[in-house]
Amino acid sequence: ITTFGNGAMLFFCTLIFFVKFAWIVTSTIFFSSIWSLLFFPAVLILIGPQYKTGSLRHYFEILKEKWLQRKQVKSTPKKPKSQFSAADPRLQALSPSSTFGPRPK
């Protein structure tokens, strides 16, 4: 509303640039308000969200379930793992046999 009013005030200027700028500003605001109030809601009714899409309650339920699952995972005790196992390829890559060849017997 204020932008439209400010653009309307530019119509009374004596410089042609400001009058042309007033047309641009007021027509932009006018057409954007017509689009947002009339056509856009009609388009959303035709092709808008369906079922639970866009429902904030549905998204809050999903977040609540994920939070509860995370809380259950954190509360279960875990068996401590050793950092490396004997079959770890990183250890085999660092073994002397891979670096210098087979050991002599």
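Predicted, not measured: the structure shown is a model, and the values here were computed from it.
A distance of 6.5 Å separates CG in Leu68 from NZ in Lys64, rounded to the nearest 0.5 Å.
Membership of an apolar cluster is not assigned to Ile24, as no side-chain contact below 4.5 Å to another ILVMFWY residue is traced. Phe11 forms part of a hydrophobic cluster together with Val19, Trp23, judged by ILVMFWY side-chain heavy-atom separations under 4.5 Å.
By the side chain to side chain contact (heavy atoms under 4.5 Å, CB included) test, Thr3 is found to be paired with Val25, Ile29, residues two or more places apart in sequence or in another chain being considered. Qualifying side chain to side chain contact (heavy atoms under 4.5 Å, CB included) partners for Phe60, counting only residues two or more places apart in sequence or in other chains: Leu56, Leu63.
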Show me, pair by pair, the donor-acceptor contacts under 3.5 angstrom made by side chains of residues 35-49, not counting sequence neighbours?
| residue | atom | partner | partner atom | Å |
| --- | --- | --- | --- | --- |
| Ser36 | OG | Ser32 | O | 3.1 |
| Ser36 | OG | Ser33 | O | 3.2 |

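Phe17 and Leu10 fall within a single hydrophobic cluster, where Ile, Leu, Val, Met, Phe, Trp and Tyr are joined by side-chain heavy atoms under 4.5 Å apart, directly or via other members.
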